[in-house]
Amino acid sequence: MPAYKHIKIPSEAKQIIVKDKKISVPDNSIIPFIEGDGIGPDIMKATQKVVDAAVAKAFGRKRKIAWMEIYAGEKANNLYGEWLPKETFSAIKKYLVALKGPLTTPIGGGFRSLNVTLRQVLNLYACIRPVRYFRGVGSPVKHPEKMDIVIFRENTEDVYAGIEWKKGSKEVKKVISFLNHKMGTKIKSDSGLGVKPISVSSTKRLMRKAVEFAIEQKKKSVTLVHKGNIMKYTEGAFADWGYELAKNEFRKKIVTEDEVYKKHNGLVPKGKILIKDRIADSMFQQILLRPEDYDVLACPNLNGDYLSDAAAAQVGGLGLAPGANIGDYIGLFEATHGTAPKYANKNMVNPGSLILSAAMMLEYLGWNKAADMIVNSIGKTIADKTVTYDLQRQMSGATKVGTSEFGDCIVNNL
C-alpha cells in the first residue's frame with residue numbers, strides 16, 4: 001500500500017483490480033470519494049447513506065463499500081496548499097472507481113477546470129449521461145416520459161482541448177500570420193483563435209463504448225451526432241469513423257440506416273442495432289419532437305455537452321441528471337451540476353444527481369440489484385411527492401424536505 005499524506009486507507013477492505021482486461025470487484029471494495037465544494041458535503045453524505053443502505057438490503061452482509069476520502073478543490077487546498085494534489089490522481093489510478101461531488105475551479109488557480117483536468121490526466125475519454133424521466137416531476141414538454149436516452153460524449157478533444165490564443169497575443173499573431181500567408185485563410189487580425197482537434201483513435205474508442213453499451217443493455221439504436229455538413233474534416237470525420245468502427249468491429253450485431261433502406265425495405269432486421277447519424281441542430285429538434293426514436297447518442301465533446309443539458313431540462317433539470325467519466329478501466333462518477341455555493345451547508349438541495357451517479361457506479365461494479373433498487377426508490381419517493389425545493393416548486397401538492405430528509409425517504413422506500 002502506498003504511503004499517502006492525508007488519505008487514510010480503510011483496513012480490512014480490498015482494492016478493485018484489472019483482471020483479464022476487466023475490472024475485478026471484491027465484495028468489500030474500497031471506493032475513493034471526493035466530497036466536493038459548496039453543496040458537495042450535503043449531497044455526498046446523503047448519497048453515501050443511500051448507497052450503503054441499498055447495498056445492505058440487496059446483498060446483506062455479503063457485500064459492503066469501504067469509503068476512502070480523497071481530496072480536490074477547496075478542501076484539498078486547505079490540506080495540501082494545492083487544488084488537485086498528485087496523490088488524488090494516484091489514488092484514483094490505483095483504486096479505479098471513484099465518486100465525486102461538484103468542484104469549483106479557482107480563479108487564477110492554474111487550471112481551466114478542475115473537472116476537465118481530472119478527465120484529461122486520467123484519460124477518462126467517455127462522458128456518459130443517462131437521461132430518464134421520473135413520474136411526477138414537472139417538465140416543460142407534454143410527454144417527458146418518452147425521453148430515455150444515454151449520451152456518450154467524447155471527453156478529451158474538440159474545443160475542450162483548450163488549445164487557444166488570446167486576441168493580440170504574440171502567439172495568436174504568429175498563428176494568424178502562418179494561416180493567412182501559408183494556408184490562404186483570411187482571418188481578421190483582431191481575432192482570438194482556437195483549435196478543434198478530433199482524432200480517429202479517440203472517436204473510435206468512444207464509439208466502441210457506445211456500441212458495447214447498446215449491446216449489453218439491449219438498446220435499439222446508436223446515433224452519431226455531428227455538424228459534418230459544415231465541419232467536414234472534424235465532425236464529418238467523427239461520423240465517418242464512427243460508422244467505420246461499428247461495421248468493422250460489430251458487423252454481425254449492427255445495421256446502418258442506409259442499409260436498412262437499401263437492403264431491408266426500411267425495416268431493421270430482428271436482433272440488430274441500428275447505427276444512424278444526425279446533424280447536431282436537427283438532433284436538438286429530434287429530442288423535443290421524437291425522443292422515443294433515440295436510445296444512445298455518440299457525440300463530439302461540445303455537442304454532447306449541449307445535448308445532455310438540453311435533454312435533462314426536458315425531464316426536470318440537472319438535479320436528476322447523473323454522469324460518469326469512463327476510461328479503459330477507471331470510472332469517475334459525479335454530479336453533473338455545479339457547487340451552488342449560496343446553498344452550501346443549508347440542507348436544501350436535491351442530492352438526486354449524485355445518488356443516481358452512484359447507482360451508475362454500482363452498475364459499473366456489477367452490483368445491479370442495489371443500483372436498480374436505488375433508481376426504483378427515487379421514483380417512488382418522487383411519486384409520493386416528498387421532494388426537495390427544486391422539484392417541489394414544479395409539482396402540485398408536494399411536500400418540501402431537505403437534502404438529508406430526501407435521502408432518508410429514499411432509504412425508507414428501498
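All values below were derived from every heavy atom in this structure, side-chain atoms included, with hydrogens, water molecules and symmetry-related copies excluded. All values derive from a computational prediction rather than experimental measurement.
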- [ ] Would you please say whether a donor-acceptor pair under 3.5 Å links the side chains of Thr388 and Asp390?
- [x] yes
Open item on the list: Ile230 vs Glu235, test: side-chain contact (heavy atoms from CB on, under 4.5 Å). Steps then yes/no.
Closed with: CA-CA 8 Å; Ile230 303 298; Glu235 301 214 3; over 6 Å; no
Task: Donor-acceptor contact present, side-chain Ser357 to main-chain Gly323, <3.5 Å - done: yes
Open item on the list: If the threshold is 4.0 Å, N to carboxylate O, is there a salt bridge linking Asp27 and Arg63?
Closed with: yes
Task: Least distance between heavy atoms, Ser24 atom then Lys19 atom - done: CB-CB, 4.0 Å
TODO: Would you mind checking if Arg208 and Glu249 are paired as a salt bridge, meaning a charged N to carboxylate O distance below 4.0 Å?
DONE: yes
Task: Short side-chain to backbone donor-acceptor contact, Lys146 and Lys142, under 3.5 Å - done: no
TODO: Please check if atom CZ in Phe284 has more than 12 non-hydrogen atoms from other residues, nucleotides or ligands closer than 6.0 Å.
DONE: yes
Task: Asp37 side chain vs Thr339 backbone, donor-acceptor pair below 3.5 Å - done: no
Open item on the list: Per the side-chain hydrogen bond (donor to acceptor under 3.5 Å, both in side chains) rule, what does the pair list look like for residues 313-324, sequence neighbours excluded?
Closed with: none
Open item on the list: When you compare the side chain of Tyr364 with that of Ile23, does any pair of heavy atoms fall below 4.5 Å?
Closed with: yes
TODO: List the atom of Ala324, the atom of Met360, and the distance in Å for their closest heavy-atom pair.
DONE: CB-CE, 3.6 Å
Open item on the list: Please verify the inter-ring angle class for Phe213 with Phe152; under 30° counts as parallel, over 60° as perpendicular, anything in between as tilted.
Closed with: tilted
- [ ] Starting at CD1 of Ile128, measure out to CD1 of Ile326 and round the result to the nearest 0.5 Å.
- [x] 4.5 Å
Open item on the list: Return the CG to CG distance between Asp42 and Asn350, rounded to the nearest 0.5 Å.
Closed with: 12.0 Å
Open item on the list: Check whether Ser29 reaches the backbone of Ile65 with its side chain - one donor and one acceptor, N or O, closer than 3.5 Å.
Closed with: no
Open item on the list: To the nearest 0.5 Å, what is the distance between CD1 on Ile355 and CD1 on Ile378?
Closed with: 5.0 Å
Open item on the list: Is it the case that the side chain of Ser177 and the backbone of Lys173 share a donor-acceptor pair, with hydrogens and angles ignored and the cut-off at 3.5 Å?
Closed with: no
Task: Value rounded to 0.5 Å, distance of CG in Leu103 from CD in Glu74 - done: 9.0 Å
- [ ] Examine the side chains of Ser404 and Asn347 and answer whether a donor and an acceptor come within less than 3.5 Å of each other.
- [x] yes
- [ ] May I ask you to test the Trp83-Thr117 pair for a side-chain heavy-atom distance under 4.5 Å?
- [x] no
- [ ] Please examine the side chains of Ile16 and Ile31, heavy atoms only from C-beta on, and report whether any two atoms are closer than 4.5 Å.
- [x] yes
Task: Asn77 side chain near Tyr71 side chain, heavy-atom distance below 4.5 Å - done: no
Task: Donor on one side chain, acceptor on other, Asp293 and Gln286, under 3.5 Å - done: no
Open item on the list: For Arg290, I'd like to know if atom CZ has over 12 heavy atoms of other residues, nucleotides or ligands within 6.0 Å.
Closed with: no
- [ ] For the residue pair Asn155 and Tyr160, confirm or rule out a side-chain donor-acceptor distance under 3.5 Å.
- [x] no
Open item on the list: Whether the side chain of Ser191 engages the backbone of Leu193 through a donor-acceptor N/O pair (distance < 3.5 Å, no angle test) should be reported.
Closed with: no
Open item on the list: Can you confirm whether Ile287 sits close enough to Met147 that some side-chain heavy atom of one is under 4.5 Å from a side-chain heavy atom of the other?
Closed with: yes
Task: Passing candidate, side-chain contact (heavy atoms from CB on, under 4.5 Å) with Arg129, options Asp309, Leu307, Leu297 - done: Asp309
Open item on the list: Working note: Glu334 + Leu99, criterion side-chain contact (heavy atoms from CB on, under 4.5 Å); need CA distance, chi angles, decisive distance, verdict.
Closed with: CA-CA 6 Å; Glu334 64 181 0; Leu99 185 65; over 6 Å; no
TODO: Report, as yes or no, whether the 6.0 Å neighbourhood of atom NZ on Lys276 holds more than 12 heavy atoms from other residues, nucleotides or ligands.
DONE: yes
Open item on the list: With heavy-atom distances below 4.5 Å as the criterion, would you say the side chains of Ile9 and Tyr95 are in contact?
Closed with: yes
Task: Residue Lys45 excluded, over 12 heavy atoms near NZ under 6.0 Å - done: no
Open item on the list: Using a strict threshold of under 4.0 Å (side-chain N to carboxylate O), is an ion pair present between Lys64 and Glu12?
Closed with: no
Task: Polar side-chain atom of Lys385 near backbone of Ser396 as donor-acceptor pair, under 3.5 Å - done: yes
Task: Passing option when Thr156 is tested against Pro197, Cys127, Ser202 for side-chain contact (heavy atoms from CB on, under 4.5 Å) - done: Ser202
- [ ] Of all the heavy-atom pairs spanning Val137 and Gly316, show the shortest one and how long it is.
- [x] CG1-CA, 3.6 Å
- [ ] Report yes if the side chains of Leu354 and Pro351 come closer than 4.5 Å at any heavy-atom pair, otherwise no.
- [x] no
TODO: Look only at the side chain of Ser353 and the backbone of Ala321, and say whether a donor-acceptor pair between them is shorter than 3.5 Å.
DONE: yes
TODO: Could you tell me whether the side chains of Asn301 and Arg153 share a donor-acceptor contact shorter than 3.5 Å?
DONE: yes
Task: Between Glu157 and Ser199: side-chain donor-acceptor atoms closer than 3.5 Å - done: yes
Task: Nearest-0.5 Å distance that lies between atom CD in Gln120 and atom CG in Leu124 - done: 10.0 Å
Task: Residue pair Cys299 / Ile151, side-chain heavy-atom distance below 4.5 Å - done: yes
- [ ] Quick one: do Met207 and Ile275 satisfy side-chain contact (heavy atoms from CB on, under 4.5 Å)? Show the steps, please.
- [x] CA-CA 11 Å; Met207 186 62 174; Ile275 307 296; 3.9 Å; yes
Open item on the list: Tell me if a side-chain donor or acceptor on Glu87 pairs with a main-chain N or O of His6 at a distance below 3.5 Å.
Closed with: yes
- [ ] State whether a side-chain donor-acceptor pair under 3.5 Å links Gln217 with Asp295.
- [x] no
- [ ] Kindly compute the distance separating OG1 (Thr403) from CD1 (Ile39), expressed to the nearest 0.5 Å.
- [x] 7.5 Å
- [ ] Applying side-chain contact (heavy atoms from CB on, under 4.5 Å) between Val222 and each of Ile254, Asp277, Val296, report the one that passes.
- [x] Val296
Could you pull out all donor-acceptor pairs under 3.5 Å where a side-chain atom in residues 46-62 meets a protein atom, sequence neighbours excluded?
from	atom 1	to	atom 2	distance (Å)
Thr47	OG1	Ile43	O	2.7
Lys49	NZ	Asp408	OD1	2.6
Asp52	OD1	Trp67	NE1	2.9
Asp52	OD2	Trp67	NE1	3.4
Lys57	NZ	Leu414	O	3.0

Open item on the list: For Thr381, run the side-chain hydrogen bond (donor to acceptor under 3.5 Å, both in side chains) check against Asn413, Asn376, Asn412, Thr386 and tell me which one passes.
Closed with: Asn413
Task: More than 12 heavy atoms of other groups within 6.0 Å of Lys253 NZ - done: no
Task: side-chain contact (heavy atoms from CB on, under 4.5 Å) between Leu332 and Arg119, intermediate numbers included - done: CA-CA 9 Å; Leu332 182 61; Arg119 295 166 194 164; 5.7 Å; no
Task: Ion pair check, Glu259 and Lys272, cut-off under 4.0 Å - done: no
TODO: Look at the side chain of Thr203 and the backbone N and O of Phe238, then say whether any donor-acceptor pair between them is shorter than 3.5 Å.
DONE: no
